[in-house]
Amino acid sequence: MNPFPLVLHVDDNPADAVLLREALAEGKHQVHISNVTDGEQAMAFLHRVLQYGDAYRPDLVILDLNLPKKDGRAVLAEVKADIKLRAIPVVVFSTSQSILEIVRTYELGANCYVSKPGNLKDYFSAVKSIEEFWFGFASLPREEK
């Protein structure tokens, strides 16, 4: 079992992947981050197929909604419908602040919805808050190896 919490970050924007990695590196908890850039890769990673056969099951998924191939809503619905995956917390981290979008993601089973802030300081603060809550206060259903 990996001693550090494992995060699967699903986002097609390379800048967001770099920023999230930097923000988590500054956090209180040491984490291991895997990045994928589309919804199909996310599901392959979670099911540990194709090039992800040796992937660890993540303790947390941070999911953007607007993804190529399979959007984040479809990924969220598929994860929460799968008995082997549904216990993995999914944080939707999206630029949308639409109330309808937020309600829809909770209806699909999101554990949390955080709107991506437009400035760097607030972005880092949001990511650190996600990290502190999920790895500092929440009890996660970690997989035994």
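Side-chain atoms are counted along with the backbone in the values below, which use heavy atoms only and exclude waters and symmetry mates. None of these values were measured; they are calculated from a predicted model.
- Note that the OG atom of Ser94 and the CD1 atom of Ile102 stand 9.0 Å from one another [nearest 0.5 Å].
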Mind running side-chain contact (heavy atoms from CB on, under 4.5 Å) on Val61 and Leu46 for me, showing each step along the way?
CA-CA 10 Å; Val61 175; Leu46 291 166; 4.2 Å; yes
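- Of the possible polar contacts, one joining the Ser129 side chain to the Ser125 backbone as a donor-acceptor pair under 3.5 Å is found.
- Not a single ring-ring contact (aromatic ring centres under 6.0 Å, His included) links Phe135 to another residue, sequence neighbours left out.
- A ring-ring contact (aromatic ring centres under 6.0 Å, His included) check over residues 72-120, counting only residues at least two apart or in different chains, returns the pairs Phe93-Tyr123.
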Notebook entry, point to check: Could you walk me through whether Asn35 and Arg21 pass the side-chain contact (heavy atoms from CB on, under 4.5 Å) check?
Noted result: CA-CA 9 Å; Asn35 294 95; Arg21 189 173 292 278; 2.6 Å; yes
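- Val75 and Ala42 make their closest contact through CG1-CB, 4.3 Å (heavy atoms, listed as atom of the first residue, atom of the second, distance).
- No path of Ile, Leu, Val, Met, Phe, Trp and Tyr side chains, each step under 4.5 Å between heavy atoms, connects Leu85 with Tyr56, placing them in separate hydrophobic clusters.
- Each of Asp122, Asp11, Asn13 was compared with Lys116 under the side chain to side chain donor-acceptor pair (under 3.5 Å) criterion, and only Asp11 meets it.
- Between the Asp12 side chain and the Asp38 main chain, no donor and acceptor come within less than 3.5 Å of each other.
- Side chains of Trp134 and Cys112 form a contact here, defined as non-hydrogen atoms less than 4.5 Å apart.
- Within a 6.0 Å sphere centred on CD of Gln51, heavy atoms belonging to other residues, nucleotides or ligands number more than 12.
- In this structure, the side chain to side chain contact (heavy atoms under 4.5 Å, CB included) partners of Asn66, at least two apart in sequence or on a different chain, are Arg73.
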Can you list the steps and then say if Gln41 with Thr37 is a side-chain hydrogen bond (donor to acceptor under 3.5 Å, both in side chains)?
CA-CA 7 Å; Gln41 289 177 354; Thr37 58; 3.2 Å; yes
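- Counting only heavy atoms from C-beta outward, the side chains of Val90 and Val79 approach each other to under 4.5 Å.
- Counting only distance, with no hydrogens or angles, the side chain of Glu132 and the backbone of Lys28 share no donor-acceptor pair below 3.5 Å.
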Worked check of side-chain contact (heavy atoms from CB on, under 4.5 Å) between Ile130 and Val114:
CA-CA 8 Å; Ile130 292 168; Val114 178; 4.0 Å; yes
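- Leu50 belongs to a hydrophobic cluster with Val49, counting contacts under 4.5 Å between side-chain heavy atoms of Ile, Leu, Val, Met, Phe, Trp and Tyr, direct or through other members.
- Proximity of a side-chain donor or acceptor of Gln30 to a complementary backbone N or O of Phe4 within less than 3.5 Å is not detected.
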| task | Could you walk me through whether Thr105 and Leu63 pass side-chain contact (heavy atoms from CB on, under 4.5 Å), step by step? | result | CA-CA 11 Å; Thr105 60; Leu63 178 68; over 6 Å; no
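- Note on Leu60: it does not cluster hydrophobically with Val36, by side-chain heavy-atom contacts below 4.5 Å among ILVMFWY residues.
- Linking ILVMFWY residues whenever their side-chain heavy atoms come closer than 4.5 Å, directly or via other members, places Leu24 and Val91 in the same cluster.
- Between Leu20 atom CG and His9 atom NE2 the span is 4.5 Å, to the nearest 0.5 Å.
- The closest donor-acceptor contact from the side chain of Asp64 to the backbone of Val10 lies at 3.5 Å or more, if one exists at all.
- Although no hydrogens or angles enter the test, the distance criterion places no donor-acceptor pair under 3.5 Å between the side chain of Ser115 and the main chain of Thr95.
- The line from CG of Leu8 to CD1 of Ile33 is 10.5 Å long, rounded to the nearest 0.5 Å.
- Under a hydrophobic-cluster definition in which Ile, Leu, Val, Met, Phe, Trp and Tyr are linked whenever side-chain heavy atoms come within less than 4.5 Å, directly or via other members, Leu67 and Val92 are assigned to the same cluster.
- Checked against salt bridge (Lys or Arg N to Asp or Glu O under 4.0 Å), Lys128 has the following partners two or more places apart in sequence or in another chain: Glu26.
- For Ala87 against Arg57, the heavy-atom pair with the smallest separation is CB-NH2, 4.0 Å.
- Of the inter-residue distances, the one linking Leu120 atom CG with Glu22 atom CD reads 8.0 Å to the nearest 0.5 angstrom.
- Here the side chain of Lys80 pairs a donor or acceptor atom with the backbone of Arg86 at under 3.5 angstrom.
- The cluster map of Ile, Leu, Val, Met, Phe, Trp and Tyr, joined by side-chain heavy atoms under 4.5 Å apart, puts Leu108 and Leu65 in the same cluster.
- Listed by first and then second residue, the ring-ring contact (aromatic ring centres under 6.0 Å, His included) pairs involving residues 59-85 amount to none (not counting sequence neighbours).
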